[in-house]
Amino acid sequence: MVELDIKKYANKLVSKVDQAKFLKHAVIENGDWEPQPNYCHHNVSLWCQLRPEYIPVRGWLYFDLPGLNFVKFVAHSAVKAPDGEFYDITPSETKDYPFIDSELSEEEYAELVESRGFGKIVFPKT
């Protein structure tokens, strides 16, 4: 696999900000298992194994906070349901932020986020 150029990828994310969408929330469970806060990648992977009709969607939450001279993208996972909608299945007490699909394969996303440690990408505002 060719290593992804992080600067080019960050530019691509910035160019897709206008496509960012707020995720719908879904409360799910399967027997004794239910998703845990702060474990979005694990929650999505396990849910999609338990329910193959759901597809993992790896992407980024977009933060553009006033007064800061940068934007931030934070790795996040959601599911695509059989109805075609994207849902956030990870419980959270925080404010919702827009989500951008990574458009990477599972392997590319894992390499970027887990192997290379890019769980957050900071990009200067122009």
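Taking hydrophobic clusters as Ile, Leu, Val, Met, Phe, Trp and Tyr residues chained together by side-chain heavy-atom distances below 4.5 Å, Phe99 does not share a cluster with Trp47. Transitive grouping of hydrophobic side chains (ILVMFWY, heavy atoms separated by less than 4.5 Å) keeps Val57 and Leu46 in distinct clusters. Leu13 is connected to Val113 through a chain of hydrophobic side-chain contacts under 4.5 Å among Ile, Leu, Val, Met, Phe, Trp and Tyr, so both are in one cluster.
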When the side chains of residues 60-75 are checked against the rest of the protein, which donor-acceptor pairs come out under 3.5 Å, sequence neighbours left out?
| residue | atom | partner | partner atom | Å |
| --- | --- | --- | --- | --- |
| Trp60 | NE1 | Tyr9 | OH | 3.0 |
| Tyr62 | OH | Asp64 | OD2 | 3.4 |
| Asp64 | OD1 | Lys125 | NZ | 2.8 |

Could you pull out every donor-acceptor pair under 3.5 Å between side chains of residues 115-123 and any protein atom, sequence neighbours left out?
| residue | atom | partner | partner atom | Å |
| --- | --- | --- | --- | --- |
| Arg116 | NH1 | Leu4 | O | 2.7 |
| Arg116 | NH2 | Leu4 | O | 3.4 |

Donor-acceptor pairs under 3.5 angstrom involving side-chain atoms of residues 18-30: please list them, not counting sequence neighbours.
| residue | atom | partner | partner atom | Å |
| --- | --- | --- | --- | --- |
| His25 | NE2 | Asp96 | OD1 | 2.9 |
| His25 | NE2 | Asp96 | OD2 | 3.3 |

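Qualifying salt bridge (charged side-chain N to carboxylate O under 4.0 Å, His left out) partners for Glu53, counting only residues two or more places apart in sequence or in other chains: Arg51. Under the side-chain hydrogen bond (donor to acceptor under 3.5 Å, both in side chains) criterion, Gln49 pairs with no residue, sequence neighbours left out. For Lys16, the salt bridge (charged side-chain N to carboxylate O under 4.0 Å, His left out) criterion is met by Glu103, not counting sequence neighbours.
A distance of 3.5 Å separates CZ of Arg58 from OG of Ser45, quoted to the nearest 0.5 Å. Going from atom CD1 of Ile89 over to atom OG of Ser77 covers 9.0 Å, rounded to the nearest 0.5 Å. Here the OG atom belonging to Ser102 is positioned 8.5 Å from the NZ atom belonging to Lys12, to the nearest 0.5 angstrom.
Between Leu112 and Ile6 there is a side-chain heavy-atom pair separated by less than 4.5 Å. A heavy-atom distance below 4.5 Å is not found between the side chains of Leu104 and Glu111.
Across all their heavy atoms, Tyr87 and Asp83 have their closest contact at OH-OD2, 2.8 Å. Here the closest heavy-atom approach between residue Val79 and residue Cys48 is recorded as CG1-SG, 3.9 Å.
Checking side-chain atoms of Asn43 against main-chain N and O of Gln36 turns up a donor-acceptor pair under 3.5 Å.
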